[in-house]
Protein chains: 2
Amino acid sequence: MQRPLLSVQNRLLSALPPDDYRLVAPHLTQVDLERGRLLYEPGDRVDTAYFPHDGVISLMTLMENGAAIESATIGREGALGLMGAVSPRQSLSRAIVQTPTRAARIGASQLHEAWEKSAKIRVMVDMHTEALFGHAVQSVACNALHSVEARFCRWLLTCHDRITSDTVALTQEFLADMLGVQRTTVTAVARTLQEKGYIRYRRGVVDIISREGLEAVSCECYEVVRRNYERLLPQPSVDRARG
Amino acid sequence: MQRPLLSVQNRLLSALPPDDYRLVAPHLTQVDLERGRLLYEPGDRVDTAYFPHDGVISLMTLMENGAAIESATIGREGALGLMGAVSPRQSLSRAIVQTPTRAARIGASQLHEAWEKSAKIRVMVDMHTEALFGHAVQSVACNALHSVEARFCRWLLTCHDRITSDTVALTQEFLADMLGVQRTTVTAVARTLQEKGYIRYRRGVVDIISREGLEAVSCECYEVVRRNYERLLPQPSVDRARG
DNA sequence: CAAAGACTGTCGAGAACTCGACACAAATGC
DNA sequence: GCATTTGTGTCGAGTTCTCGACAGTCTTTG
């Protein structure tokens, strides 16, 4: 049975030449991941990789007191658990599904076999690792220097790039956790952004009204990370529109 | 001519089995890097890897306004430019010598050849990448959550682990840059730490008096990152005490 | 030795954010 | 339909850190 055409595909997979793609294709399973689904906790063995077609997966660093701060995000330009293709390893972070996500899933051992056979796949893993590292080091600086308002906008923009809708389901409480700030601070920031007409929000839902506005308030980090992905990861060569 | 015995060796190199070490040894050059030496700027081609024997190299993320925030550090437990062993690439960060550093240097292409021949070296690069990534994601959370005082202590402890002395040469001004805070804030924090008797400082020099004290004030991030390196990187199997 | 430069100490106003508290509103479950 | 849970709005005191300013001190250099 054939699944419907997918409007958007994972960029890493769609950039693979056909011969290389055939190495992984038979092992890919299409899955729908609901919001809040925990994919990895720190210390878990990385036994599966996920290539999102749309949606956002967050990598979160856990602290001893239970705080969980977002350290990077993964969308259709990347993959979760890709480093497990190189060798078995434990997750360093919590990986949690941020927005409902369609993804292609593959077992780490099967991905590893393809990785051994295909130079293109090895390059893909390598470049993705580099881009994800770039994402992390930019966030280190961002969290040290930039206001909650700027980081809030950066987060929304990054999310918006990776979903197909202008509406994001998230509570202010959860966003506060991810940014590592108080909920009351997020409430205040959300209010001023709404007054400026850049977003509209209601209980658990944010509508993005003006990307331009958000880009103006956001820090440079949004663009830096985005360009880094563009530079490192090849553009799609083929649109593989089936599951 | 034989160089004097080295009291400390780079841990990555000394953990390599003899056969694997022989692949890189002929190409290693011992160098002394003075404080402040710029090894890479963002965008530079990564053409050389450095394995510090002692001393600290900082990876710094540059912002558009010229700010430079430390996103990770590299000492004898790691190496700079190691990802260049896998494939040619550009540096994402500024890499600057923090304290006078003795290091073994090797060209990226020569390291790449060894990397192709030796599975042990590939594992070394892979594990180091993972540890460095862990360092970065922890710092993302640390900068979002922890006080300047805690981060100051964390920085001193990390530095102390990687040098052979209890004295660190650094100005408060420079440290303020690295932590991404005002100099006056660093001055205030340094004063309270000195009053507690944990450090002593004078113009451009900090003496570490009480590691225990610093550990108590530091955040958990110091230990988390340290343990991560311990877990991922093997302990020395041989002490190679010559250059 | 004098001058310049680099580093530190201190002050104070103000902004950003924390932290606890409580009221209210919307969604959910029975 | 009612009770419970969950998410939001707001308030206010308090803390941390910013940002500019300026004085003082140590070091280097000519």
Got a salt bridge between B:Arg231 and B:Glu130, using NZ or NE/NH1/NH2 to carboxylate O under 4.0 Å?
no

Looking at A:Asp32 and A:Arg102, does any basic side-chain N land under 4.0 Å from a carboxylate oxygen?
no

Is B:Asp207 paired with B:Arg202 through a side-chain N to carboxylate O contact shorter than 4.0 Å?
yes

Anything under 4.0 Å to a heavy atom of chain B counts; send over the first and last such nucleotide of DNA chain C, read 5' to 3'.
C:dG5 to C:dC11

Are B:Leu145 and A:Asn65 close enough that some pair of their side-chain heavy atoms sits under 4.5 Å apart?
no

Quick one, B:Gln138 and A:Met63 - any side-chain contact, counting heavy atoms below 4.5 Å?
yes

Could you pull out all donor-acceptor pairs under 3.5 Å where a side-chain atom in residues 169-184 of chain A meets a protein atom, sequence neighbours excluded?
unit_1	atom_1	unit_2	atom_2	d
A:Thr171	OG1	A:Phe174	N	3.0
A:Gln172	OE1	A:Thr187	OG1	2.8

Can you give one letter per nucleotide of nucleotides 24-30 of chain D, 5' to 3': B if a protein heavy atom sits under 4.0 Å from the base, S if only from the sugar-phosphate, - if neither?
-BBS---

Check this for me, if you would: do A:Arg89 and A:Asp47 make a salt bridge, where the nitrogen-to-carboxylate-oxygen distance has to be below 4.0 angstrom?
no

Side chains of A:Thr129 and B:Phe133: does their closest heavy-atom pair fall under 4.5 Å?
no

From CZ of A:Arg191 across to P of D:dG9 the rounded distance in Å is 9 Å

Thinking salt bridges, do B:Glu77 and B:Arg11 make one under a 4.0 Å N-O criterion?
no

From the list A:Thr73, A:Thr99, A:Asp54, side-chain hydrogen bond (donor to acceptor under 3.5 Å, both in side chains) partner of A:Arg162 resolves to A:Thr73

Protein within reach of the bases, or only the backbone? For nucleotides 13-19 of chain D, mark each nucleotide 5' to 3' as B, S or -, using heavy atoms under 4.0 Å.
----SBB

Would you call B:Leu193 and B:Glu149 a side-chain contact if the rule is heavy atoms closer than 4.5 Å?
yes

Under 4.0 angstrom, heavy atoms only, what part of the nucleic acid is A:Tyr201 near: base, sugar-phosphate, or nothing?
sugar-phosphate

Using five base pairs at each end, measure the axis-to-axis angle across the helix from C:dC1-D:dG30 to C:dC30-D:dG1 and round it to 10 degrees.
40°

For B:Arg37, give me all partners under salt bridge (charged side-chain N to carboxylate O under 4.0 Å, His left out), at least two apart in sequence or on another chain.
B:Glu34

I'd like to check A:Val56 versus A:Thr101 (side-chain heavy atoms, cut-off strictly below 4.5 Å). Are they in contact?
no

